[in-house]
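One structure below.
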Protein chains: 2
Amino acid sequence: MTVMQQAYNVYEDRCPTRLVLDRLADKWALLILDRLEGGPVRFNHIRRDIKGISQKVLAQTLRKLERDGLISRTIFPTVPVTVEYALMPLGRTLTDTVSALAHWAETNMDAIFTAQRAYDEAHSV
Amino acid sequence: MTVMQQAYNVYEDRCPTRLVLDRLADKWALLILDRLEGGPVRFNHIRRDIKGISQKVLAQTLRKLERDGLISRTIFPTVPVTVEYALMPLGRTLTDTVSALAHWAETNMDAIFTAQRAYDEAHSV
DNA sequence: GCTAGATAGTTTCCAATAGATACCAAGGAG
DNA sequence: CTCCTTGGTATCTATTGGAAACTATCTAGC
């Protein structure tokens, strides 16, 4: 089923679906959602697991996902303070699709790299 | 099936799957792939359909998708010249997942906007 | 002939974003 | 007293994104 057959047209500017898709189409958000699938995780734990993400971007992305109601943020008054992030029911309905995208990437990366080499060779000469 | 159970770990920096996921996690790329599902489309046709995309970003994104082997670019020596973009078989294997993401966005956007209002109210006071 | 319009881009400039790094407060361990 | 942890924020710079103008080629209209 394509999007055009729906009540909303995702190709339209100002389409609310676009606002949601813009948010979802973010590599860090997808990786974080996938990482949370196994259960609640702390801030620095995510930071250490997802190599290459900066503290600033991790904090920003977690805030956005929390605002969207996809994940929850729970503070435990330990010393030092512990903050746990977990998937909300709404976020859980998304993880199948996110995993499917990650799985597609892994399955097809060799074909993509082959295509890239062919393209570069054809366009360098 | 989570990514962690695969041979590659998508959370690792330098993981080839991450390179592919980074490319896919782009709102314009996803919209273009979805738009091409119905058959070949010309440059300016895509530009007019996908409201808000600039010529520069459309050209860049199409080039990347072509380099990845997801879409084809065919030039017809008409006057003025016609350039048609179409899904390659590799790109076609991806459209189900892309459509699923767009469909999820549309189904759940009301829940997300409700969550956003609740978050903003709780954090503005 | 001159101008307008279509094709598919490239170029230029500025604003917004991403990344790296440093810093903060509150303690516990040594 | 100093270093380590927690979960961030502040600052600065590099990269990217978006808006607009410019390119080239040919057709149609006046």
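A note on names: the letters A, B, ... follow the listed sequences, proteins ahead of strands, and every chain is numbered from 1.
- Tested against B:Leu94 for a side chain to side chain contact (heavy atoms under 4.5 Å, CB included), the candidates B:Asp34, B:Leu30, B:Leu33 yield a single pass: B:Leu33.
- When A:Thr97, A:Thr93, A:Asp96 are each tested for a side chain to side chain donor-acceptor pair (under 3.5 Å) with B:Trp104, only one passes: A:Thr93.
- Separating the CG atom of B:Leu58 from the P atom of C:dA8 is a distance of 10 Å, rounded to the nearest angstrom.
- A donor-acceptor pair under 3.5 Å is absent between the side-chain atoms of B:Asn44 and the main chain of B:Arg47, judged by distance alone.
- A distance-only check finds a donor-acceptor pair linking the side chain of A:Asn9 to the backbone of A:Tyr11 [under 3.5 Å].
- Contact check on A:Glu84 versus A:Arg42 returns no salt bridge, with no Lys/Arg side-chain nitrogen under 4.0 Å from an Asp/Glu carboxylate oxygen.
- In this structure, the side chain of B:Arg35 does not engage the main chain of B:Val41 through any donor-acceptor pair within 3.5 Å.
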| remark: B/S/- along nucleotides 8-20 of chain D (protein heavy atoms under 4.0 Å) is BB-B-----BBB-
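- Distance NZ (A:Lys51) to P (C:dA20): 15 Å, rounded to an integer number of Å.
- Contact check, B:Arg48 against C:dT7: a side-chain N or O comes under 4.0 Å of OP1 or OP2.
- When side chains are defined from C-beta on, B:Ile50 counts as touching B:Ile32, because their heavy atoms get closer than 4.5 Å.
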| Protein-to-nucleotide contact annotation, 5' to 3' order, nucleotides 24-30 of chain D [B base; S sugar-phosphate only; - none; under 4.0 Å, heavy atom] | --SS---
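- Side chains of A:Thr95 and A:Ser99: no donor on one and acceptor on the other come within 3.5 Å.
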